[in-house]
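Below is one structure, written out as structure tokens; comments come after it.
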Amino acid sequence: MKSLMFFKFLKQLGIHPDWQFVDVYGMEPELLSMVPRPVCAVLLLFPITEKYETFRTEEEERIKAKGQDVKSSVYFMKQTINNACGTIGLIHAIANNRDKMNFETNSSLKKFLEDSLSMTPEERAKYLETYEAIRVTHESSAHEGQTEAPSIDEKVDLHFIALVNVGGHLYELDGRKPFPINHGETSDDSFLEDAIEVCKKFMERDPEELRFNAIALSAA
């Protein structure tokens with residue numbers, strides 16, 4: 001289960017288990033009601049297909065032409081490491097909820113976030129390339145107790161993004177994109193349902209695809 005791998009990763013990065021990653025088993029209301037609340041982030045795993053890449057290019061051009069509002073408090077970083085989308089998705093989820101997290105004193109993720117807070121998205125990506133503690137932790141969490149050693153960083157054709165609520169707006173954070181995507185207003189109470197609506201759009205763009213997984217960062 002994807003959530004178990006993220007759970008181990010969080011533990012090794014020095015975050016107390018007040019929040020946990022849980023698998024979202026379906027997008028119908030009765031299945032969403034099984035997800036513990038509150039939810040502060042959703043990670044979506046999806047396939048990178050030709051249809052998606054076409055949409056991504058069109059979306060980028062549209063936003064560059066029309067503009068969008070993105071709060072300066074949104075923590076966003078670029079992805080420069082191959083197959084590191086799971087790690088970056090997790091950083092995006094935690095970084096934009098750091099006021100809710102209970103970090104251990106020597107947490108490597110807490111130090112990374114403090115060091116990189118004033119950096120640009122590109123500088124954060126470069127810093128992660130050299131930040132041994134997170135890279136080593138990710139590799140060990142992928143192998144710990146796993147017979148086939150799956151990684152939270154999937155192979156090339158699958159990709160993770162994070163959906164977060166910052167200042168009452170729902171943002172999609174994807175290190176392959178040049179900027180965050182503002183998906184409109186949300187609230188703490190409606191965030192899971194709003195995030196799942198965004199996930200559904202990904203699925204609707206690729207109706208023949210089945211490789212979609214959503215994981216919620218929920219209160220334990």
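As a basis for the values below, the full set of heavy atoms in this structure was taken, side chains included, without hydrogen atoms, waters or symmetry mates. Because the structure is predicted, anything quoted here is derived from the model rather than measured.
Residue Ser116 holds its OG atom at 2.5 Å from OH of Tyr75, rounded to the nearest 0.5 Å. For the atom pair CD1 of Ile88 and NE2 of His159, the computed distance is 8.0 Å after rounding to the nearest 0.5 Å. Residue Asp23 holds its CG atom at 3.5 Å from OG of Ser3, rounded to the nearest 0.5 Å. Of the inter-residue distances, the one linking Leu90 atom CG with Ile134 atom CD1 reads 8.5 Å to the nearest 0.5 angstrom. In this structure, Glu197 CD and Leu192 CG are separated by 10.5 Å, a value rounded to the nearest 0.5 Å.
In terms of the ring pair (Phe, Tyr, Trp, His ring centres under 6.0 Å) criterion, Phe212 has no residue partners (sequence neighbours excluded). Applying the side chain to side chain donor-acceptor pair (under 3.5 Å) rule to Arg56 yields the partners Glu53; only residues at least two apart in sequence or on another chain are considered. Take Asp188 and apply the side-chain contact (heavy atoms from CB on, under 4.5 Å) test, not counting sequence neighbours, and it matches Asn165. Under the rule for a side-chain contact (heavy atoms from CB on, under 4.5 Å), the partners of Asp194 that lie at least two apart in sequence or sit in another chain are Leu170, Thr186, Ser190. Shown here are the ring pair (Phe, Tyr, Trp, His ring centres under 6.0 Å) partners of Phe112, two or more places apart in sequence or in another chain: Tyr127, Tyr131. Every residue was checked against the side chain to side chain donor-acceptor pair (under 3.5 Å) condition with Asn96, not counting sequence neighbours, and none meets it. Scanning for side chain to side chain donor-acceptor pair (under 3.5 Å) contacts around Glu59 gives Lys177, with sequence neighbours left out. Every residue two or more places apart in sequence or in another chain that forms a ring pair (Phe, Tyr, Trp, His ring centres under 6.0 Å) with Phe76 is listed here: His92. Applying the side chain to side chain donor-acceptor pair (under 3.5 Å) rule to Lys51 yields no partners; only residues at least two apart in sequence or on another chain are considered. Ser118 pairs by the side-chain contact (heavy atoms from CB on, under 4.5 Å) definition with nothing, not counting sequence neighbours.
For the residue pair Lys78 and Pro178, the shortest heavy atom distance occurs at NZ-CA, 3.6 Å. Shortest non-hydrogen contact noted between Ala219 and Gln20 is O-NE2, 3.9 Å. Between Gly89 and Ala162 the shortest heavy-atom distance is O-CB, 3.6 Å. Taking each heavy atom of Leu163 and Cys199 in turn, the nearest pair found is CD1-SG, 3.8 Å. When all heavy atoms of Pro180 and Tyr171 are compared, the closest pair comes out as CB-CD2, 4.2 Å.
Lys64 has no carboxylate O lying under 4.0 Å from a charged side-chain N of Glu61, or vice versa, which leaves the two without a salt bridge.
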Open item on the list: Does Glu123 form a salt bridge (Lys or Arg N to Asp or Glu O under 4.0 Å) with Lys126? I'd like the steps, not just the answer.
Closed with: CA-CA 5 Å; Glu123 288 169 342; Lys126 288 289 179 194; over 6 Å; no
- [ ] Would you check, one step at a time, whether the test side-chain contact (heavy atoms from CB on, under 4.5 Å) holds for Thr87 with Phe160?
- [x] CA-CA 9 Å; Thr87 299; Phe160 271 108; over 6 Å; no
Task: Audit row: Ile15, Ile94, side-chain contact (heavy atoms from CB on, under 4.5 Å) steps and yes/no - done: CA-CA 10 Å; Ile15 298 175; Ile94 300 299; 4.0 Å; yes
Task: Working for side-chain contact (heavy atoms from CB on, under 4.5 Å), residues Phe202 and Glu172 - done: CA-CA 12 Å; Phe202 277 76; Glu172 172 192 333; 3.7 Å; yes
TODO: Output, in order, the C-alpha distance, side-chain angles, deciding distance and verdict of side chain to side chain donor-acceptor pair (under 3.5 Å) for Thr80 and Glu129.
DONE: CA-CA 8 Å; Thr80 54; Glu129 288 177 20; 2.5 Å; yes
TODO: Apply side-chain contact (heavy atoms from CB on, under 4.5 Å) to the pair His183 and Ile181, showing each step before the final yes or no.
DONE: CA-CA 6 Å; His183 284 284; Ile181 308 295; 3.7 Å; yes
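Applying the salt bridge (charged side-chain N to carboxylate O under 4.0 Å, His left out) test to pairs two or more places apart or on separate chains, none has a residue in residues 86-107.
Between the Asn182 side chain and the Gln68 main chain, no donor and acceptor come within less than 3.5 Å of each other. Side-chain N or O atoms of Arg124 include none that pairs as donor or acceptor with a backbone N or O of Met77 at under 3.5 Å. In this structure, the side chain of Asp174 engages the main chain of Arg176 through a donor-acceptor pair within 3.5 Å. No donor-acceptor pair under 3.5 Å is formed between the side chain of Gln12 and the backbone N or O of Gly14.
In terms of hydrophobic clustering, with Ile, Leu, Val, Met, Phe, Trp and Tyr side chains grouped at heavy-atom distances under 4.5 Å, Phe55 and Ile161 are assigned to a common cluster. Val164 and Ile196 sit in two unconnected hydrophobic clusters of ILVMFWY residues. Membership requires side-chain heavy atoms under 4.5 Å apart, directly or through other members. In this structure, Val74 is not a member of the same hydrophobic cluster as Ile91, with clusters built from ILVMFWY side-chain heavy atoms closer than 4.5 Å. Clustering ILVMFWY residues whenever any of their side-chain heavy atoms sit less than 4.5 angstrom apart, transitively, puts Phe6 in a cluster other than the one holding Leu173. Hydrophobic clustering (side-chain heavy atoms under 4.5 Å, transitive across Ile, Leu, Val, Met, Phe, Trp, Tyr) groups Val166 together with Val70.
In this structure, a donor-acceptor pair under 3.5 Å is absent between the side chains of His169 and Glu185.
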Without placing hydrogens or testing angles, list every side-chain donor-acceptor pair under 3.5 Å for residues 29-50, not counting sequence neighbours.
residue, atom, partner, partner atom, Å
Ser33, OG, Glu30, O, 2.6
Arg37, NE, Val35, O, 3.4
Arg37, NH1, Glu193, OE1, 3.4
Arg37, NH1, Glu193, OE2, 3.4
Arg37, NH2, Leu32, O, 3.3
Arg37, NH2, Glu193, OE2, 2.8
Thr49, OG1, Tyr52, N, 3.2
Thr49, OG1, Asp206, OD1, 3.4
Thr49, OG1, Asp206, OD2, 2.5

